[in-house]
Amino acid sequence: MLTKNAERVLCSLLREYVHLRGSNGMREAELRGQLRGFREALVLTKQLTEGRFQEMFAAAHLEVLGMTASVSASSLGVSVHQLDASDWDKFDTPTFVRRGHVDSVC
């Protein structure tokens with residue numbers, strides 16, 4: 001359905017967005033806007049369906065992060081977007097130490 005060039009550009013934008021997602025930086029906001037506009041234009045011209053966009057997003061998420069969005073969110077227990085900087089500090093400590101299993105290393 002999509003032209004090869006449009007699909008290539010959309011996939012590239014999706015990969016970059018997934019990589020920056022949750023950073024709350026200027027580039028993330030810029031990419032979010034570009035993706036929204038690009039998606040709306042492709043849907044309007046009937047070159048893309050919402051289902052196909054979701055498939056492409058899931059593929060980009062899997063490619064960049066090595067896991068699906070649902071696995072990523074469930075492994076943290078909360079949505080990545082709900083975490084702030086102080087929440088991420090706990091991941092600096094290894095899991096076995098956080099959980100009190102210091103003796104069970106190797």
Side-chain angles (χ1 to χ4, degrees):
M1 196 178 223
L2 276 172
T3 64
K4 292 289 182 191
N5 191 37
E7 186 165 340
R8 195 171 30 254
V9 171
L10 183 56
C11 285
S12 176
L13 286 172
L14 282 168
R15 283 191 300 271
E16 188 176 356
Y17 175 73
V18 168
H19 183 71
L20 294 174
R21 191 173 171 196
S23 68
N24 296 323
M26 288 286 284
R27 182 64 182 147
E28 179 191 5
E30 181 181 309
L31 280 169
R32 188 180 316 113
Q34 286 177 338
L35 277 170
R36 185 175 293 132
F38 202 62
R39 180 179 67 189
E40 288 175 6
L42 292 172
V43 168
L44 183 65
T45 59
K46 299 194 186 302
Q47 294 184 45
L48 179 70
T49 64
E50 186 60 34
R52 177 65 180 137
F53 179 81
Q54 293 303 324
E55 289 173 9
M56 293 173 76
F57 183 84
H61 195 284
L62 182 62
E63 181 182 330
V64 172
L65 300 177
M67 64 180 85
T68 64
S70 60
V71 169
S72 176
S74 67
S75 69
L76 293 174
V78 295
S79 170
V80 172
H81 300 294
Q82 295 173 343
L83 297 174
D84 61 22
S86 63
D87 291 328
W88 284 103
D89 291 341
K90 72 179 180 182
F91 294 104
D92 291 337
T93 307
T95 304
F96 66 91
V97 173
R98 287 194 319 260
R99 293 185 179 164
H101 301 290
V102 178
D103 296 335
S104 62
V105 180
C106 299

Peer 1: List in chain and number order the residues that pass salt bridge (charged side-chain N to carboxylate O under 4.0 Å, His left out) with E40, two or more places apart in sequence or in another chain; answer none if no residue qualifies.
Peer 2: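 Once residues adjacent in sequence are excluded, E40 has no partner under the salt bridge (charged side-chain N to carboxylate O under 4.0 Å, His left out) criterion.
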Peer 1: Considering only heavy atoms from C-beta outward, does the side chain of R21 approach that of R32 to under 4.5 Å?
Peer 2: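 Contact flag for R21/R32 side chains = no.
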Peer 1: What distance separates R52 CZ from L42 CG, expressed to the nearest 0.5 Å?
Peer 2: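 Spacing of CZ (R52) from CG (L42) equals 11.5 Å.
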Peer 1: Mind checking the CD-CD spacing from Q34 to E16? Nearest 0.5 Å is all I need.
Peer 2: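 That separation rounds to 8.0 Å.
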Peer 1: May I ask you to decide if N24's main-chain N or O and E28's side chain share a donor-acceptor pair within less than 3.5 Å?
Peer 2: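 Here the side-chain-to-backbone pair exists.
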Peer 1: Quick check for you: to the nearest 0.5 Å, what is the distance between E55 atom CD and L48 atom CG?
Peer 2: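 It is 10.0 Å, given to the nearest 0.5 Å.
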Peer 1: Look up atom OG1 in T49 and atom CD in Q54, then write down how far apart they are to the nearest 0.5 Å.
Peer 2: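 One gets 9.5 Å once the value is rounded to the nearest 0.5 Å.
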Peer 1: So L14 and L31, do their side chains get closer than 4.5 Å, heavy atoms only?
Peer 2: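 Not in contact.
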Peer 1: Quick check: does any side chain N or O of T45 sit under 3.5 Å from a backbone N or O of A41, one acting as donor and the other as acceptor?
Peer 2: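 Side chain of T45 to backbone of A41: a pair is present.
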Peer 1: Using a 4.5 Å cut-off on heavy atoms from C-beta on, say whether the side chain of R15 contacts that of C11.
Peer 2: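 Of all side-chain heavy-atom pairs linking R15 with C11, at least one is under 4.5 Å.
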Peer 1: Give a yes or no on whether a salt bridge exists between E30 and R27, defined as a side-chain N under 4.0 angstrom from a carboxylate O.
Peer 2: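 Salt bridge: yes.
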